[in-house]
Amino acid sequence: MKGLSILIVGGGSGLGALLARMAVDEGAAKVGIIDINPEAAEAALEPARAKGLPTAFAKCDIQVGPQCHAAFDAIASKLGRIDTVINSAAIYPRRPLLEISDAEWDASNGINIKGTYHMMVAAVRHMQSQEPKAEIRGRIVNLTSVDAFKAHPQNAHYAATKAAVVSLTRSFAHHVAKDGILVNSVAPAGMATERAAALGFLDELAKASPLGRGAQPTEIAEWVLMAGGPRNTYMTGENIIVSGGYIYA
């Protein structure tokens, strides 16, 4: 990520916060976070501040289009050029297939699909006006999930939204290829996070994987940063599956 200005949507916690820290470790020049939780976002920006890097935060409910664009503009006004946008904000509800309510559908669609869409639109409009670096004006990376590709009756609404993000990624990639903007997604299997441990999911993740364990968050983050970093100069419209063999089992 050397020399790049990075914006992470949903960067206040979980994988997003880890990506902010790892981007700094890999040489990012500037870091911005859009999140609904100001305290978490400010904490996630601390590694960048500790190295004296320019940082920016904007609060946003990404279900609301105008808020998305206002938040993006606020980050860009402070950081200037934004080279990489990572969409990691999402909710992961569980509900039996025949019991999903309208409110649960609306929340999943609003955050996981609509929010990602609005942030991609804001990113594209910003990146189209930038001078290219080595033919690339910008990179967008969306977090999807292996759930998009396998039956998941325990969280079908989540899986459906992640399948939609895969489709959005391809459509955007095709539309902005002429502008030198690369758009890709990364689909991880379940991660052995602190939250997963607290919810008692670690055994479930281990049983589902041929490797016998859930992914460490850093193992997923490496692929996200690769897709959004300077080593990626040609890949676009792709969905990188990092499942530890789960997708094929």
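Please read all numbers here as calculations on a predicted model, not as lab measurements.
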Apart from Val224 itself, residues in the same hydrophobic cluster as defined by side-chain heavy atoms under 4.5 Å =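 Under the 4.5 Å side-chain rule, Val224 groups with Met1, Leu4, Ile6, Ile8, Leu15, Leu18, Leu19, Met22, Ile86, Val141, Leu143, Val186, Met191, Ile220, Trp223, Leu225, Met226, Met235, Ile240, Val242.
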
Between Asn142, Leu168, Thr169, Asn112, which is the residue that forms a side-chain contact (heavy atoms from CB on, under 4.5 Å) with Asn87?
->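 One option only clears the test, and that one is Asn142.
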
Is a donor on one side and an acceptor on the other found under 3.5 Å between the side chain of Glu222 and the backbone of Glu219?
->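 Not a single qualifying donor-acceptor pair exists.
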
Let me confirm one number: the [atom1]-[atom2] distance from [X] to [Y], rounded to the nearest 0.5 Å.
{"X": "Met119", "Y": "Cys60", "atom1": "CE", "atom2": "SG", "value": "4.0 Å"}
{"X": "Lys30", "Y": "Leu79", "atom1": "NZ", "atom2": "CG", "value": "6.0 Å"}
{"X": "Arg170", "Y": "Ser185", "atom1": "CZ", "atom2": "OG", "value": "7.0 Å"}

State yes or no: do Val121 and Val183 share one hydrophobic cluster built from I, L, V, M, F, W and Y residues joined by side-chain heavy-atom distances below 4.5 Å, directly or via other members?
->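 Val121 clusters together with Val183.
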
Treat each ILVMFWY residue as a node, draw an edge where side-chain heavy atoms are under 4.5 Å apart, and state whether Val124 and Ile75 are in one component.
->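 Cluster IDs for Val124 and Ile75 match.
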
Between Asn239 and Thr144: side-chain donor-acceptor atoms closer than 3.5 Å |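 Asn239 vs Thr144: donor-acceptor pair found between side chains.
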
Say whether Asn184 and Glu238, considering side chains only, have a donor N or O and an acceptor N or O under 3.5 Å apart.
->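 Per modelled atom types, Asn184 and Glu238 side chains form no pair under 3.5 Å.
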
Could you walk me through whether Gln67 and Asp61 pass the side chain to side chain donor-acceptor pair (under 3.5 Å) check?
-> CA-CA 7 Å; Gln67 284 194 34; Asp61 178 355; 5.2 Å; no

Below 6.0 angstrom between ring centroids: does that apply to His126 and Phe72?
->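 For His126 and Phe72, the ring centres are under 6.0 Å apart.
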
Flag the pair Arg49 and Glu42 as a salt bridge only when some basic side-chain nitrogen lies within less than 4.0 angstrom of an acidic carboxylate oxygen.
->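 Between Glu42 and Arg49 there is a salt bridge, with a charged N closer than 4.0 Å to a carboxylate O.
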
